[in-house]
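See below for the structure under consideration.
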Amino acid sequence: MISSFLHPLTLGISLNFSLEPLWHDTGIPLALMGMFIVFFALIFISMFISRLPHIMAVLDKYLPQAEQLLNPPKPREGEISDEVIAVIAAAVSEALGKPHRIIHTRELTSRDMAWPQQGRWQIQTSHIPQK
Amino acid sequence: MISSFLHPLTLGISLNFSLEPLWHDTGIPLALMGMFIVFFALIFISMFISRLPHIMAVLDKYLPQAEQLLNPPKPREGEISDEVIAVIAAAVSEALGKPHRIIHTRELTSRDMAWPQQGRWQIQTSHIPQK
Amino acid sequence: MISSFLHPLTLGISLNFSLEPLWHDTGIPLALMGMFIVFFALIFISMFISRLPHIMAVLDKYLPQAEQLLNPPKPREGEISDEVIAVIAAAVSEALGKPHRIIHTRELTSRDMAWPQQGRWQIQTSHIPQK
Amino acid sequence: MEFVEYLSSKAAQLYQTTAFPGMHVGNVAMIVIGLLFVYLAIAKHYEPLLLIPIGFGIVVGNIPVVEGMSLGVYDEGSVLRYLYFGVEKGVYPPLIFLGIGAMTDFSTMLSNPKLVLLGAAAQVGVFLTFLGALCLGFTPQEAGAVGIIGGADGPTAIFLSSKLAPSLLGAIAIAAYSYMALVPVIQPPIMYLLTSREERLIKMKRPRHVSRRERIIFPIAAFLICTLLAPGALVLIGMLFFGNLLKECTVTERLANTARTVFIDIVTILLGFCVGCSTSADHFLQPTSILIFVLGAVSFAVATGGGILFAKFMNLFLHEPINPLLGAAGVSAVPDSARVVHVIGLNEDPQNHLLMHAMAPNVAGVIGSAIAAGVLWSQLAM
Amino acid sequence: MEFVEYLSSKAAQLYQTTAFPGMHVGNVAMIVIGLLFVYLAIAKHYEPLLLIPIGFGIVVGNIPVVEGMSLGVYDEGSVLRYLYFGVEKGVYPPLIFLGIGAMTDFSTMLSNPKLVLLGAAAQVGVFLTFLGALCLGFTPQEAGAVGIIGGADGPTAIFLSSKLAPSLLGAIAIAAYSYMALVPVIQPPIMYLLTSREERLIKMKRPRHVSRRERIIFPIAAFLICTLLAPGALVLIGMLFFGNLLKECTVTERLANTARTVFIDIVTILLGFCVGCSTSADHFLQPTSILIFVLGAVSFAVATGGGILFAKFMNLFLHEPINPLLGAAGVSAVPDSARVVHVIGLNEDPQNHLLMHAMAPNVAGVIGSAIAAGVLWSQLAM
Amino acid sequence: MEFVEYLSSKAAQLYQTTAFPGMHVGNVAMIVIGLLFVYLAIAKHYEPLLLIPIGFGIVVGNIPVVEGMSLGVYDEGSVLRYLYFGVEKGVYPPLIFLGIGAMTDFSTMLSNPKLVLLGAAAQVGVFLTFLGALCLGFTPQEAGAVGIIGGADGPTAIFLSSKLAPSLLGAIAIAAYSYMALVPVIQPPIMYLLTSREERLIKMKRPRHVSRRERIIFPIAAFLICTLLAPGALVLIGMLFFGNLLKECTVTERLANTARTVFIDIVTILLGFCVGCSTSADHFLQPTSILIFVLGAVSFAVATGGGILFAKFMNLFLHEPINPLLGAAGVSAVPDSARVVHVIGLNEDPQNHLLMHAMAPNVAGVIGSAIAAGVLWSQLAM
Ligand code: NA
Ligand code: NA
Ligand code: NA
């Protein structure tokens with residue numbers, strides 16, 4: 001019973017060390033090729049990144065409005081939007097006893113913005129349909 | 001190499017236009033049947049909807065309490081509940097320097113209402129067990 | 001057509017009651033064994049639980065700092081953190097007309113704490129790396 | 001004239017494409033049952049998170065479909081079959097246990113070790129029903145799956161059925177959830193019958209404070225105890241305590257939160273809907289289904305009684321007696337049976353708050369029936 | 001010298017491991033198309049939740065891979081193949097419908113029963129395109145899948161294609177989503193063409209209040225009506241109204257919330273990305289793909305016209321006329337086509353808010369095309 | 001007397017149904033290791049989101065089960081096997097990369113293009129370990145999978161193992177995560193050894209502002225560069241940059257949010273737990289596992305050294321020298337190794353905040369090891 005309990009620990013470790021596999025195609029040549037491709041790819045990315053400001057300058061000339069579109073003044077998630085501030089103000093005045101009822105408000109986190117609601121939002125900001 | 005690069009673009013478009021398949025069972029008869037069923041189903045739904053107020057009147061007679069049950073005065077998601085208002089009021093007074101500690105509060109969004117907590121809530125509102 | 005409509009309801013219930021299967025190994029012996037194991041396991045758990053305070057006393061002697069580590073004074077989820085209170089105060093003063101802009105704040109719920117942010121938090125509280 | 005004939009032949013053909021030709025009275029009956037489930041969930045708040053998906057699923061599963069289309073849970077290659085896979089192979093129940101573990105607070109149990117035994121006593125319902133099912137001609141495998149209804153735990157019942165008696169899965173699942181929903185109706189008469197007013201008035205001591213470290217150690221230790229004794233419960237018990245460790249260990253709060261919210265929600269939607277869909281009349285309306293419902297009711301009653309009587313038995317030896325109503329919470333049906341105990345306690349004495357105490361046998365009952373399922377599976381697996 | 005030869009042979013070998021040897025002009029063209037989708041989504045806000053995953057997926061799916069590696073959606077055992085499984089077997093679309101149901105508010109439709117018919121009329125686009133595709137040499141199965149593009153419903157189109165014409169799935173899905181994104185470009189000219197200024201100025205009455213109970217009963221009743229008449233629509237319609245019941249019944253809010261947020265998000269990510277990945281040039285750049293795009297555009301135009309003309313036809317009989325612009329919202333494309341109606345209404349009269357009214361034919365159009373898909377599937381399934 | 005015999009035979013039979021007869025010392029050892037993982041995660045905050053699931057999984061996976069029951073990850077038809085499918089086929093790692101992409105901010109990298117190369121240099125650990133494993137008798141496929149431990153990226157290691165050496169997956173995954181958790185222990189001595197105090201005091205310039213548009217273009221361009229050169233990295237790199245595009249493009253915020261919260265949470269729970277469960281003693285306690293752990297440690301050390309030394313090499317050519325500590329962040333282990341760099345920088349000079357700069361080689365290291373995995377897979381796939 002004890003021998004069966006100990007069974008899987010009878011690990012006979014026999015190290016076979018050999019340099020021979022290194023000379024195969026799947027040895028040092030593969031390792032060199034791997035390092036080469038990794039460096040090549042990341043050097044390319046690095047070069048692309050250093051060029052990015054120039055590419056941006058070109059893009060800004062031809063598509064100037066886009067950057068503005070991408071950075072709308074709407075509050076980022078986590079910031080407190082004007083709407084929330086209004087709600088809090090209302091809540092506070094309510095808490096202070098003024099009889100003014102909050103009808104309906106929503107937290108505008110992205111999680112809450114179900115698709116139809118996104119639709120509702122976009123309708124005010126989106127492109128005018130072409131005639 | 002260039003021909004292989006261009007390979008998938010050698011699209012020989014040969015339009016074979018024929019009216020013959022229209023006369024098969026899977027042609028115009030199927031299309032008519034499809035439009036017919038679509039209209040039939042949506043007309044039924046439309047009729048059902050126009051009848052709904054009458055159905056409701058009947059239901060309200062026999063199950064009058066249900067509608068009330070379904071529209072409890074508890075705040076809808078997104079609205080600010082009294083509890084939250086109380087919390088904000090407390091937070092504000094705290095922020096204004098009064099040393100009054102908020103022990104524990106919860107946002108009662110449905111996401112937070114894990115099952116055991118729903119249990120806790122239901123115990124106060126739910127049916128009395130039959131003897 | 002009506003008979004086909006009624007088809008699956010022609011349920012001929014013929015009760016065959018026999019005590020014979022109870023005496024098989026998969027009868028009463030299995031039931032007894034089942035109750036026995038269930039009780040055995042839960043008695044063990046019950047005994048372990050009654051021992052827990054003693055085990056804790058031993059652990060506290062050898063690992064005294066851990067309990068403190070596990071109960072940091074940070075606010076529990078659902079409670080209102082100081083940060084939120086600060087935000088609300090700012091929001092309120094904003095709502096009251098003072099022109100002071102909230103730059104950026106975050107709700108520190110666990111849902112929001114994406115891994116990189118956890119990283120940012122841990123860097124201030126975590127172990128000093130060994131030399 | 002020919003045109004009229006043509007039209008009427010077309011109308012007949014059209015009729016054949018609808019669901020009406022395949023509609024049997026059994027389907028109608030099942031649809032009514034499904035709607036009843038939905039009604040009870042909405043109007044009576046009976047386990048709505050399960051009865052709404054199951055109820056609507058029953059309606060969906062009983063719309064007869066055109067021959068040769070692959071639509072239902074039993075049709076190879078259909079969408080519902082792929083979703084049903086998690087029911088059929090028992091994958092969904094352990095995932096639900098993960099979420100339950102991540103939302104369960106074992107601390108009342110940790111401060112009330114004696115009450116754990118009530119969760120064991122209630123399993124008598126499982127094994128007596130098992131014996132009853134054997135006598136009624138079920139095979140031992142089927143009898144085991146039927147008996148587990150008395151465990152009052154939907155996921156456990158589905159898991160064991162999928163392993164021992166797949167053909168009965170629908171009926172067993174529906175029976176289990178029906179009675180779990182009906183706990184507030186089934187249990188009170190038994191509780192009044194088996195206890196005296198004096199017993200119902202017994203007050204329990206305030207539970208002691210349980211430290212964070214105890215709550216971390218508990219799921220690991222309890223997991224080892226349970227699965228060393230009943231390795232067949234490995235998956236259910238493992239997921240339950242894994243979820244609880246995620247919750248209690250303080251450093252994986254985001255994982256625990258996902259497990260107890262959206263993950264369990266998604267699995268619940270799919271599980272409930274698919275179980276409902278699997279009850280098409282021709283599979284469900286069998287004599288055995290009726291027997292299963294009868295046995296399930298017996299099982300619940302016996303389990304309730306077992307818990308209460310065992311509490312009274314324990315009181316013979318204890319200095320501080322247990323309120324025997326707590327025994328009824330030993331059938332799991334979390335948190336309904338604990339709630340019933342609480343309400344009946346309040347009925348007798350508006351100051352006697354039993355809810356927290358009742359949670360202890362309640363969660364012990366979850367563990368107990370998972371162990372019972374493990375034993376039945378390991379002894380009856382073929 | 002030998003070393004130079006060695007190096008150049010190594011360089012050649014290295015080149016073979018890159019994607020360049022397998023890169024055809026078709027792949028480049030598709031990558032450009034994918035980037036165009038991404039650009040339109042970001043810069044023009046055209047259906048970004050779908051065009052970003054699809055667009056990036058197109059780029060991914062057109063990186064040529066080394067022979068013998070299992071990488072793409074068509075390679076047995078690859079990761080993308082496992083994810084694509086939900087597209088190929090039609091599992092993702094019903095799950096998306098579950099989420100859509102859980103976020104759709106049918107109350108405008110409940111207060112405007114007449115507008116429901118506009119959602120039926122728009123399906124003429126489906127069936128006329130079906131006939132057109134037949135004439136152009138598509139098999140009936142393929143023609144059905146192509147026709148459903150006119151339903152203007154991505155999930156429905158993917159679902160039906162996966163059942164009737166799997167080989168065309170990529171082209172049909174891309175066509176459907178492209179035109180759905182282009183709704184604000186395609187529809188307005190047709191709307192101006194088919195309506196007079198007087199018609200566009202028609203104001204609709206404020207919708208009546210719809211009670212909670214009506215909103216609970218509706219999904220159940222509508223489900224029964226639709227699937228009894230067209231059982232082939234069972235899965236799509238079932239999931240749609242199941243999701244809506246979860247939303248409306250008030251007792252399963254947490255399930256509805258999960259279905260309409262993270263669950264639909266996860267499925268949308270996987271569906272869009274996999275559909276994109278399935279458009280590798282050798283599968284996608286076929287003559288049929290071009291035909292499908294042409295037929296898709298026709299389909300959208302006919303559907304829009306059908307809805308508008310039917311509204312004008314209804315006005316012949318109605319005391320309170322319908323604004324015929326609302327007919328254009330009968331193609332589903334929720335909520336884009338409703339928005340287009342609203343914007344054009346406002347163009348004529350800044351006080352004429354048609355959005356709420358347009359939602360009624362809009363959601364009716366979803367139901368209508370799901371039924372159309374069910375009929376086509378049940379009649380053409382082999 | 002007979003009764004005593006009967007009882008003892010029954011007790012023996014009962015004992016056979018427990019886990020004790022199958023319990024070997026190896027299982028006990030593995031359970032202790034699992035508990036150690038859980039302890040380290042809780043008490044030392046070492047990668048708790050991974051070590052808790054893996055640790056508890058190890059405990060679960062080493063409960064011996066009754067013969068003939070289908071319970072473990074290697075048993076056909078068991079629940080754990082279905083969950084393990086995502087590990088075995090490499091489906092979970094790309095989904096985790098999707099979430100990582102959706103939470104990674106590449107902007108520090110965009111403002112520090114030179115630092116990208118440090119992420120390449122650290123991959124020397126991968127390839128030297130690969131060679132070492134070859135010498136120790138591993139097959140090339142196995143050696144590749146072992147080498148990738150030096151990439152310090154759990155999902156990448158699991159992905160490559162699942163493709164090249166499924167039988168070693170458990171050991172490789174455990175080794176990778178162990179060392180990732182131990183980064184704060186392994187790296188500092190090497191960092192102090194290879195750098196002088198003057199080097200550690202080097203301050204980096206404040207990174208420039210990166211515009212939104214750059215952050216949108218980057219994931220697309222980087223994806224094309226990486227996968228055109230190493231198409232084998234398609235799935236990992238594709239998902240990483242797809243997730244990042246969802247995050248940066250501003251119009252799919254809800255998808256990105258789901259990908260980086262609940263979606264990655266669910267996959268992390270399943271992946272960690274299943275990897276843990278796969279380490280049952282008889283599969284895991286092999287001589288090769290010990291070798292893999294030794295090689296993994298070497299791999300981490302070499303990768304750390306490689307990054308640091310390459311930074312010093314770059315400084316020979318640069319006007320504005322790089323702080324060579326940043327080289328250590330080139331092993332990914334996001335964000336632990338960046339944190340270690342930061343803490344050691346602060347140790348020397350409390351004003352020297354390196355965290356933001358260290359994130360650049362850190363995320364470059366993720367890309368680098370994914371490319372390395374792609375190359376190894378494409379060259380060694382059979
Ligand atoms: Na139970
Ligand atoms: Na439609
Ligand atoms: Na790396």
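Lettering of chains follows the sequences in order, A, B, ..., and the numbering in each one begins at 1.
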How long is the span from the [atom1] atom in [X] to the [atom2] atom in [Y], to the nearest 0.5 Å?
| X | Y | atom1 | atom2 | value |
| --- | --- | --- | --- | --- |
| E/Phe218 | B/Leu52 | CZ | CG | 8.5 Å |
| E/Gln123 | B/Leu42 | CD | CG | 7.5 Å |
| B/Met47 | E/Ile225 | CE | CD1 | 9.0 Å |

Side chain, backbone, both or neither: which part of [X] has a heavy atom under 4.5 Å from chain B?
| X | result |
| --- | --- |
| E/Ile367 | side chain |
| E/Ala256 | neither |
| E/Phe310 | side chain |

Is it the case that over 12 heavy atoms from other parts of the model lie below 6.0 angstrom from the CZ atom of B/Phe44?
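No, because the 6.0 Å sphere around CZ of B/Phe44 holds 12 heavy atoms or fewer from other groups.
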Is B/Phe39 in contact with chain E via its backbone, its side chain, both, or neither, using a 4.5 Å heavy-atom distance?
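Both backbone and side chain.
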Kindly indicate, with the supporting measurements, whether the criterion side-chain contact (heavy atoms from CB on, under 4.5 Å) is fulfilled by B/Met56 and E/Ile217.
CA-CA 10 Å; B/Met56 285 305 111; E/Ile217 288 174; 3.2 Å; yes
Looking at B/Ile28, B/Ile37, B/Ile55, B/Leu32, which has the largest count of heavy-atom pairs under 4.5 Å with chain E?
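With the most close heavy-atom pairs to chain E, the winner is B/Ile37.
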Taking the side chain as every heavy atom from C-beta outward, state whether B/Leu30 and E/Phe130 have any atom pair closer than 4.5 Å.
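In contact.
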Can you tell me if B/Ser46 uses its side chain to pair, donor with acceptor, with the backbone of E/Pro113 under 3.5 Å?
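It does hold such a pair.
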